[in-house]
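This report refers to the structure that appears directly beneath it.
This is a predicted model, so every value here is computed, not measured.
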Amino acid sequence: MADSEITTSGSTVEEWTQALGESVGSPGGGAGAGVMLAIAASLTSMVAGYTDAGAEQGEQLERLLARAQELRRTALRLADDDAAASRAFGSAFRLNEGGERDRAIREASLGAARSSAMLGDHAIAAIDDLSWLAENGNKALIADVVVAFGALRAAVTGARTNVSFDLATLRSSGLTLEQVREQQPRLWAAVEKLDAAIVRIDEATAAVDHRAAPTDSA
(Lines give C-alpha, C1' and ligand atoms only; values in the text may rest on other atoms or scores of the structure.)
Protein backbone atom coordinates (compact mmCIF):
# COMPACT_ATOMS: atom_id res chain seq x y z
CA MET A 1 0.00 0.00 0.00
CA ALA A 2 1.44 3.37 -0.99
CA ASP A 3 2.24 5.94 1.70
CA SER A 4 -0.40 8.33 0.34
CA GLU A 5 -3.05 5.64 0.90
CA ILE A 6 -2.23 5.07 4.55
CA THR A 7 -5.10 6.50 6.56
CA THR A 8 -6.82 5.46 9.77
CA SER A 9 -10.03 4.80 7.85
CA GLY A 10 -8.55 3.04 4.84
CA SER A 11 -5.87 0.89 6.45
CA THR A 12 -5.81 -2.00 8.87
CA VAL A 13 -4.13 -1.58 12.25
CA GLU A 14 -1.29 -3.72 10.91
CA GLU A 15 -0.84 -1.51 7.85
CA TRP A 16 -1.10 1.74 9.77
CA THR A 17 1.36 0.77 12.50
CA GLN A 18 3.75 -0.61 9.89
CA ALA A 19 3.66 2.77 8.13
CA LEU A 20 4.18 4.50 11.48
CA GLY A 21 7.29 2.38 12.01
CA GLU A 22 8.89 3.35 8.72
CA SER A 23 11.37 6.21 8.40
CA VAL A 24 9.11 8.40 6.27
CA GLY A 25 7.68 10.75 8.92
CA SER A 26 4.06 10.39 7.83
CA PRO A 27 2.25 9.18 9.84
CA GLY A 28 4.37 10.34 12.74
CA GLY A 29 4.09 11.22 16.40
CA GLY A 30 1.26 13.69 15.92
CA ALA A 31 -0.83 11.13 14.10
CA GLY A 32 0.02 8.66 16.85
CA ALA A 33 -1.33 11.14 19.41
CA GLY A 34 -4.57 11.27 17.42
CA VAL A 35 -4.88 7.50 17.51
CA MET A 36 -4.21 7.51 21.26
CA LEU A 37 -7.04 10.01 21.66
CA ALA A 38 -9.29 7.72 19.63
CA ILE A 39 -8.37 4.83 21.93
CA ALA A 40 -9.21 6.92 24.99
CA ALA A 41 -12.54 7.88 23.43
CA SER A 42 -13.31 4.28 22.52
CA LEU A 43 -12.64 3.05 26.05
CA THR A 44 -14.75 5.90 27.42
CA SER A 45 -17.56 4.81 25.13
CA MET A 46 -17.21 1.19 26.19
CA VAL A 47 -17.31 1.94 29.91
CA ALA A 48 -20.27 4.28 29.43
CA GLY A 49 -22.10 1.57 27.52
CA TYR A 50 -21.61 -0.88 30.38
CA THR A 51 -22.75 1.63 32.99
CA ASP A 52 -26.29 1.60 34.37
CA ALA A 53 -27.40 5.06 35.43
CA GLY A 54 -30.39 6.06 37.47
CA ALA A 55 -33.09 8.38 36.25
CA GLU A 56 -31.17 11.47 37.37
CA GLN A 57 -27.97 10.52 35.56
CA GLY A 58 -29.34 8.64 32.58
CA GLU A 59 -29.52 11.66 30.30
CA GLN A 60 -26.06 12.81 31.35
CA LEU A 61 -24.67 9.35 30.57
CA GLU A 62 -26.30 9.36 27.13
CA ARG A 63 -24.71 12.70 26.30
CA LEU A 64 -21.35 11.46 27.55
CA LEU A 65 -21.62 8.37 25.36
CA ALA A 66 -22.51 10.46 22.30
CA ARG A 67 -19.53 12.76 22.92
CA ALA A 68 -17.16 9.81 23.24
CA GLN A 69 -18.39 8.25 20.01
CA GLU A 70 -18.04 11.53 18.16
CA LEU A 71 -14.58 12.12 19.65
CA ARG A 72 -13.37 8.76 18.34
CA ARG A 73 -14.28 9.78 14.79
CA THR A 74 -12.83 13.27 15.22
CA ALA A 75 -9.58 11.96 16.68
CA LEU A 76 -8.99 9.64 13.74
CA ARG A 77 -9.67 12.47 11.29
CA LEU A 78 -7.19 14.66 13.17
CA ALA A 79 -4.64 11.84 13.03
CA ASP A 80 -4.93 11.79 9.25
CA ASP A 81 -4.80 15.60 9.11
CA ASP A 82 -1.56 15.52 11.09
CA ALA A 83 -0.08 12.97 8.69
CA ALA A 84 -0.81 15.37 5.83
CA ALA A 85 0.74 18.23 7.81
CA SER A 86 3.84 16.13 8.35
CA ARG A 87 4.23 15.66 4.60
CA ALA A 88 4.00 19.43 4.07
CA PHE A 89 6.53 19.93 6.86
CA GLY A 90 9.03 17.58 5.23
CA SER A 91 8.52 19.13 1.80
CA ALA A 92 9.26 22.62 3.14
CA PHE A 93 12.62 21.60 4.53
CA ARG A 94 13.63 19.98 1.26
CA LEU A 95 13.41 23.30 -0.60
CA ASN A 96 16.52 25.25 -1.49
CA GLU A 97 17.65 27.99 0.90
CA GLY A 98 15.86 31.28 0.37
CA GLY A 99 12.67 33.23 0.89
CA GLU A 100 10.41 30.59 -0.60
CA ARG A 101 11.80 27.97 1.76
CA ASP A 102 11.40 30.30 4.76
CA ARG A 103 7.77 30.97 3.87
CA ALA A 104 7.09 27.27 3.34
CA ILE A 105 8.65 26.37 6.69
CA ARG A 106 6.63 29.08 8.42
CA GLU A 107 3.35 27.91 6.89
CA ALA A 108 4.06 24.23 7.50
CA SER A 109 5.16 24.81 11.09
CA LEU A 110 2.09 26.88 11.91
CA GLY A 111 -0.18 24.38 10.19
CA ALA A 112 1.30 21.51 12.17
CA ALA A 113 1.12 23.49 15.44
CA ARG A 114 -2.53 24.40 14.85
CA SER A 115 -3.36 20.77 14.06
CA SER A 116 -1.76 19.59 17.30
CA ALA A 117 -3.40 22.37 19.32
CA MET A 118 -6.80 21.39 17.97
CA LEU A 119 -6.20 17.77 18.93
CA GLY A 120 -5.13 18.96 22.37
CA ASP A 121 -8.34 20.96 22.81
CA HIS A 122 -10.42 17.88 22.05
CA ALA A 123 -8.35 15.82 24.47
CA ILE A 124 -8.73 18.37 27.26
CA ALA A 125 -12.50 18.39 26.76
CA ALA A 126 -12.54 14.62 27.32
CA ILE A 127 -11.01 14.76 30.80
CA ASP A 128 -14.23 15.63 32.61
CA ASP A 129 -16.21 12.80 31.02
CA LEU A 130 -13.58 10.23 31.88
CA SER A 131 -13.30 11.61 35.41
CA TRP A 132 -17.07 11.28 35.76
CA LEU A 133 -16.88 7.64 34.73
CA ALA A 134 -14.08 7.05 37.23
CA GLU A 135 -16.53 8.01 39.97
CA ASN A 136 -19.86 6.88 38.54
CA GLY A 137 -19.08 4.28 35.90
CA ASN A 138 -19.30 0.51 36.15
CA LYS A 139 -16.91 -0.31 38.98
CA ALA A 140 -15.85 -3.57 37.33
CA LEU A 141 -14.32 -1.54 34.51
CA ILE A 142 -12.19 0.85 36.55
CA ALA A 143 -9.04 -0.69 35.03
CA ASP A 144 -10.33 0.28 31.59
CA VAL A 145 -10.88 3.82 32.85
CA VAL A 146 -7.25 4.00 33.99
CA VAL A 147 -6.06 2.64 30.63
CA ALA A 148 -8.19 5.33 28.99
CA PHE A 149 -6.55 7.96 31.19
CA GLY A 150 -3.17 6.65 30.05
CA ALA A 151 -4.14 6.93 26.40
CA LEU A 152 -5.57 10.39 26.99
CA ARG A 153 -2.36 11.48 28.72
CA ALA A 154 -0.34 10.25 25.75
CA ALA A 155 -2.56 12.26 23.41
CA VAL A 156 -2.24 15.43 25.50
CA THR A 157 1.51 14.98 25.92
CA GLY A 158 1.91 14.45 22.20
CA ALA A 159 -0.14 17.52 21.38
CA ARG A 160 1.74 19.66 23.89
CA THR A 161 5.17 18.55 22.68
CA ASN A 162 4.32 18.93 19.00
CA VAL A 163 2.89 22.44 19.43
CA SER A 164 6.02 23.47 21.30
CA PHE A 165 8.36 21.85 18.79
CA ASP A 166 6.56 23.29 15.77
CA LEU A 167 6.63 26.79 17.25
CA ALA A 168 10.34 26.48 17.93
CA THR A 169 10.87 25.31 14.35
CA LEU A 170 9.80 28.77 13.20
CA ARG A 171 13.34 29.83 14.13
CA SER A 172 14.42 28.06 10.95
CA SER A 173 12.52 30.72 9.00
CA GLY A 174 14.45 33.55 10.67
CA LEU A 175 12.31 34.28 13.75
CA THR A 176 13.44 34.37 17.38
CA LEU A 177 11.45 32.62 20.10
CA GLU A 178 10.39 36.01 21.46
CA GLN A 179 9.02 36.95 18.04
CA VAL A 180 7.21 33.63 17.88
CA ARG A 181 5.63 34.31 21.28
CA GLU A 182 4.51 37.77 20.19
CA GLN A 183 3.14 36.66 16.82
CA GLN A 184 1.45 33.43 17.99
CA PRO A 185 0.16 34.10 21.52
CA ARG A 186 -2.70 31.58 21.35
CA LEU A 187 -0.49 28.73 20.21
CA TRP A 188 2.14 29.69 22.78
CA ALA A 189 -0.50 29.65 25.52
CA ALA A 190 -1.73 26.26 24.29
CA VAL A 191 1.48 24.67 25.57
CA GLU A 192 0.81 25.87 29.12
CA LYS A 193 -2.82 24.80 28.88
CA LEU A 194 -1.78 21.31 27.82
CA ASP A 195 0.79 21.15 30.64
CA ALA A 196 -2.01 21.89 33.09
CA ALA A 197 -4.16 19.19 31.49
CA ILE A 198 -1.42 16.61 32.06
CA VAL A 199 -1.43 17.49 35.76
CA ARG A 200 -5.23 17.06 35.87
CA ILE A 201 -5.01 13.64 34.24
CA ASP A 202 -2.27 12.52 36.62
CA GLU A 203 -4.32 13.62 39.62
CA ALA A 204 -7.46 11.88 38.34
CA THR A 205 -5.51 8.69 37.67
CA ALA A 206 -3.84 8.70 41.07
CA ALA A 207 -7.22 9.11 42.77
CA VAL A 208 -8.52 5.80 41.40
CA ASP A 209 -5.37 3.77 40.80
CA HIS A 210 -5.74 1.96 44.13
CA ARG A 211 -9.03 0.56 42.83
CA ALA A 212 -7.67 -0.36 39.41
CA ALA A 213 -4.43 -1.96 40.60
CA PRO A 214 -4.95 -3.03 44.24
CA THR A 215 -2.01 -5.45 44.25
CA ASP A 216 0.39 -2.57 43.70
CA SER A 217 -0.03 -1.44 47.30
CA ALA A 218 -0.44 -4.88 48.86
Side-chain angles (χ1 to χ4, degrees), residues 1-50 64-94 108-109 111-127 129-130 133 137-138 140-166 169 194 197-198 201 205 212-213:
M1 180 175 287
D3 176 61
S4 60
E5 298 174 341
I6 295 294
T7 64
T8 58
S9 61
S11 311
T12 65
V13 173
E14 164 64 24
E15 291 165 342
W16 195 89
T17 53
Q18 182 178 356
L20 182 64
E22 295 175 356
S23 55
V24 294
S26 176
V35 171
M36 294 305 294
L37 180 56
I39 291 173
S42 298
L43 287 169
T44 300
S45 176
M46 184 189 74
V47 175
Y50 273 117
L64 186 156
L65 179 58
R67 285 193 295 270
Q69 293 171 341
E70 179 61 25
L71 178 59
R72 182 192 66 81
R73 293 187 288 269
T74 298
L76 292 179
R77 175 179 56 77
L78 290 173
D80 290 336
D81 288 348
D82 185 90
S86 294
R87 287 192 289 272
F89 196 82
S91 296
F93 275 89
R94 286 192 292 271
S109 298
R114 290 178 183 126
S115 177
S116 292
M118 183 180 299
L119 188 149
D121 284 342
H122 284 286
I124 291 172
I127 297 175
D129 283 347
L130 197 51
L133 283 176
N138 189 317
L141 299 179
I142 188 61
D144 296 286
V145 171
V146 171
V147 173
F149 270 130
L152 189 60
R153 191 187 197 281
V156 172
T157 300
R160 171 257 184 196
T161 303
N162 283 325
V163 173
S164 181
F165 180 84
D166 292 333
T169 301
L194 289 164
I198 292 171
I201 293 171
T205 303

Do L64 and T44 touch side chain to side chain, with heavy atoms closer than 4.5 Å?
yes
I6 side chain reached by P27 side chain, heavy atoms, under 4.5 Å:
yes
With sequence neighbours excluded, what pairs up with L65 under the side chain to side chain contact (heavy atoms under 4.5 Å, CB included) test?
S45, A48, Q69
S11 side chain to T7 main-chain N or O, any donor-acceptor pair under 3.5 Å?
yes
Going by the rule side chain to side chain donor-acceptor pair (under 3.5 Å), which residues pair with N138 if we only count those two or more places apart in sequence or in a different chain?
none
Minimal non-hydrogen separation, L119 against G30, with atom names:
CD1-O, 4.2 Å
Separation of T157 OG1 from L194 CG (nearest 0.5 Å)
9.0 Å
Report the residues that fulfil side chain to side chain contact (heavy atoms under 4.5 Å, CB included) with T74, sequence neighbours left out, ordered by chain and then residue number.
E70, R77, L78, H122
Closest non-hydrogen atom pair between A197 and V156, with its separation:
CB-CG1, 4.0 Å
Would you say S164's side chain and R160's backbone share a donor-acceptor pair under 3.5 angstrom?
no
Nearest-0.5 Å distance, OG1 of residue T12 to CD of residue Q18
8.5 Å
Taking all heavy atoms of S116 and all of D166, pick out the closest pair and write down the distance.
OG-OD2, 4.4 Å
Please enumerate all residues that pass side chain to side chain donor-acceptor pair (under 3.5 Å) together with R67, with sequence neighbours excluded.
D129
Residues in side chain to side chain donor-acceptor pair (under 3.5 Å) with S42, at least two apart?
none
Check L76 against A38 and note the closest heavy-atom contact, atom names and distance.
CD2-CB, 3.6 Å
Enumerate donor-acceptor pairs with a distance under 3.5 Å from any side-chain N or O in residues 142-154 to protein atoms, sequence neighbours excluded.
{"unit_1": "R153", "atom_1": "NE", "unit_2": "D202", "atom_2": "OD1", "d": "2.6"}
{"unit_1": "R153", "atom_1": "NE", "unit_2": "D202", "atom_2": "OD2", "d": "3.4"}
{"unit_1": "R153", "atom_1": "NH2", "unit_2": "D202", "atom_2": "OD2", "d": "3.0"}

Considering all heavy atoms of both residues, which atom of G34 and which atom of A75 are nearest to each other, and what is their separation?
O-CB, 3.4 Å
Under 3.5 Å, is there a donor-acceptor pair between the side chain of D80 and the main chain of T8?
yes
When rounded to the nearest 0.5 Å, the distance separating CG of D81 from OG of S115 is 5.5 Å
